[in-house]
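Everything below concerns the one structure shown next.
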Amino acid sequence: MSPSKIVLSIIASTCVAASASAMEFQVLGSKAASMGGAGIATSPSSLAAYNNPALLAHNPEKFSLHLGGGVGVKDTGAGKAVSDLNNLDFSGISAIVDGTADTASATDIATLIQARNIITGMNQKGFQLNPTADFGLSFGAFGTGLFVTSDIGAIANIDQSHTALIFAGNGAGTYYDIGSGTAVASDLTTYNSTSLQYAIDNGLTNLDVLGLAVAEVPLAYGKAFDLGFGSVGVGGALKLMSGKTFYKRVALDNDNSLDNIDQNSVTSSNVGIDLGATLKPKSAENLTLALVGKNLNSPTFDAFGGREYKIEPSFRAGGAYKLTDVLEFALDADLSTNKGLTGYDTRYIGGGLNLDLSALEVNVGLMKNTASNDEAGVIYTAGIATGPDWFHFELSAQMSSKTGEVDGTSYPKQALVNFAISSSW
């Protein structure tokens with residue numbers, strides 16, 4: 001199989017993953033997305049059932065509704081490899097990889113060595129997609145809704161024991177090794193046990209396309225207590241959860257490997273428990289401190305082949321402070337590292353400002369993944385909202401400071417767009 005076909009397979013597999021649905025700690029809502037991801041101390045009450053049920057304890061609204069959705073994308077390391085492969089000239093090596101050449105030129109050998117080094121460096125690198133959707137409701141101290149979060153991705157599995165550049169020769173039973181820069185004779189046993197071409201042809205080097213989408217319906221309640229030093233809000237949510245998992249191992253050297261890509265999906269149900277708390281100190285009435293723990297019971301969902309996916313508990317702390325009647329600052333920080341299905345770790349800290357001019361809101365912020373495998377750098381966030389309280393339209397976006405490039409086109413290594421319509425009385 002030619003390296004150019006590997007490029008096409010990687011891109012195609014990622015596109016297939018994108019047609020499914022995507023899971024990490026996510027604070028929902030356009031406001032939070034545009035304020036550096038900060039939302040557990042300042043989310044709209046209609047989203048409190050998901051983001052932090054303790055916010056319902058101080059809900060001033062009799063009724064509120066939030067309808068929104070968004071999608072985030074992350075290049076978790078494969079983008080550069082795909083770009084580097086795509087920039088190589090494979091026009092002269094088709095006979096080598098097809099086993100119809102007796103030898104290889106110095107130029108072709110150099111190209112194959114570069115391609116081998118790029119491919120072996122792709123191990124456990126991939127792409128990730130995170131669509132969300134929400135329909136949130138609050139009725140005073142009670143909240144419910146339908147919230148969908150998801151984590152899908154494509155990740156490369158490169159067999160590190162099969163990286164040799166050994167190819168079949170034009171004659172029957174002949175093999176040659178070009179890994180040293182010149183073509184030298186090899187044999188079938190060495191080819192089968194060490195060749196990169198053998199690993200690709202026989203599925204030892206491959207792609208995993210996998211995903212978990214969770215739809216949850218919470219019943220949430222918040223209660224406020226005056227403890228003298230301030231008002232403490234506590235809240236909890238009991239969630240009915242439906243999870244759909246998906247998995248397929250994609251062979252790179254099979255033209256039909258992407259057929260029936262959605263056949264290995266499994267749907268199962270479970271329950272989840274979230275707990276949250278807020279504090280409004282009497283000495284600083286414009287300040288709200290918050291803490292939330294999600295999925296404290298570690299709900300699991302069935303997966304193809306008798307496996308299961310477990311959603312580990314996650315914890316976040318945050319705060320919000322009203323600087324003036326129209327200006328608010330908020331900051332959130334993950335207290336735990338959250339691992340996605342593709343193995344990409346996230347542990348965010350971020351914050352931002354909200355300027356509320358009644359008919360127009362403007363939000364800006366920054367966020368950063370502090371996990372060691374971060375690929376995005378600083379993430380810039382911004383958003384606007386307009387309209388009266390009874391019909392509010394919101395739009396937000398995120399874009400990382402680090403970029404990748406494919407075919408000369410630059411793209412952010414992490415990005416998100418989110419929109420919402422909200423209403424409250």
Side-chain angles (χ1 to χ4, degrees), residues 27-66 136-143 220-237 274-294 315-335 348-367 381 383 385 388-390 392 394 422-425:
V27 178
L28 296 183
S30 186
K31 180 181 179 181
S34 59
M35 294 179 67
I40 69 166
T42 184
S43 286
S45 55
S46 50
L47 292 175
Y50 181 87
N51 288 339
N52 184 0
L55 294 175
L56 293 166
H58 300 99
N59 182 15
E61 298 160 345
K62 293 181 179 180
F63 172 79
S64 65
L65 174 152
H66 191 279
L137 299 168
S138 72
F139 308 88
F142 293 90
Y221 175 73
K223 175 70 174 177
F225 300 90
D226 188 351
L227 299 182
F229 59 84
S231 179
V232 174
V234 294
D274 296 348
L275 294 175
T278 61
L279 170 63
K280 291 179 174 291
K282 182 172 291 186
S283 59
E285 294 183 352
N286 290 336
L287 175 65
T288 300
L289 302 175
L291 179 68
V292 66
K294 297 182 67 65
F315 303 90
R316 177 173 284 205
Y321 187 77
K322 293 285 289 186
L323 299 169
T324 70
D325 289 341
V326 298
L327 189 62
E328 179 186 38
F329 172 75
L331 177 72
D332 277 13
D334 287 335
L335 302 180
Y348 287 111
I349 182 170
L353 291 169
N354 164 246
L355 178 64
D356 187 352
L357 302 177
S358 186
L360 176 68
E361 289 185 50
V362 179
N363 304 323
V364 294
L366 298 171
M367 57 191 293
T381 70
D389 289 345
W390 55 269
H392 212 50
E394 307 166 11
S422 64
S423 183
S424 63
W425 291 276

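Atom-to-atom distance recorded for L355:CG and L360:CG is 7.5 Å, nearest 0.5 angstrom. With rounding to the nearest 0.5 angstrom, the CG atom of D356 is 8.5 Å from the CG atom of N363. The line from CZ of F315 to NZ of K294 is 11.5 Å long, rounded to the nearest 0.5 Å. Atom CD of residue E61 and atom OG of residue S424 lie 4.0 Å apart, to the nearest 0.5 angstrom. From T42, atom OG1 reaches atom CG of L47 across 11.0 Å, with rounding to the nearest 0.5 Å. Atom CG of residue D334 and atom CD1 of residue I40 lie 9.0 Å apart, to the nearest 0.5 angstrom.
By the ring-ring contact (aromatic ring centres under 6.0 Å, His included) test, F139 is found to be paired with F63, residues two or more places apart in sequence or in another chain being considered. Scored by the ring-ring contact (aromatic ring centres under 6.0 Å, His included) test, Y221 finds F142 as partners (sequence neighbours excluded).
Contact annotation: the side chain of V27 approaches that of D332 to within less than 4.5 Å [non-hydrogen atoms, C-beta and beyond]. When side chains are defined from C-beta on, H58 counts as touching K280, because their heavy atoms get closer than 4.5 Å. With a 4.5 Å cut-off on side-chain heavy atoms, S138 and L56 count as touching. Taking 4.5 Å as the limit, every side-chain heavy atom of D226 sits out of range of all side-chain heavy atoms of S231. Looking at heavy atoms from C-beta onward, M35 lies in side-chain contact with N354 at the 4.5 angstrom threshold. Using a 4.5 Å heavy-atom threshold, the side chains of M367 and Y348 count as touching.
Each salt bridge (Lys or Arg N to Asp or Glu O under 4.0 Å) pair with one or both residues in residues 30-45, not counting sequence neighbours, appears once here: K31-E328.
S423 and H392 share no side-chain donor-acceptor pair at under 3.5 Å. Counted by atom type alone, S64 and S45 present one or more donor-acceptor pairs between their side chains at under 3.5 Å.
N51 places no side-chain N or O within 3.5 Å of a backbone atom of S43 that could act as its donor or acceptor partner.
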(request) Would you check, one step at a time, whether the test side chain to side chain contact (heavy atoms under 4.5 Å, CB included) holds for L291 with L335? (result) CA-CA 10 Å; L291 179 68; L335 302 180; 3.7 Å; yes
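Judged by a 6.0 Å distance limit and a 45° cone about the ring axis, K322 is not positioned over the six-membered ring of F329.
A pairwise comparison of heavy atoms in D274 and P53 identifies O-CG, 4.4 Å as the closest pair. Residue E394 comes nearest to S422 through the heavy atom pair OE2-OG, 3.2 Å, listed as atom of the first residue, atom of the second, then distance. Across S46 and H66, no two heavy atoms sit closer than the pair OG-CB, 3.1 Å. Nearest heavy atom pair, residue G143 against residue A49, reads C-CB, 3.8 Å. Minimum heavy-atom separation, A290 to T278: CB-CG2, 4.2 Å.
No more than 12 heavy atoms of other residues, nucleotides or ligands lie within 6.0 Å of CH2 in W390, so this atom counts as exposed by the packing criterion.
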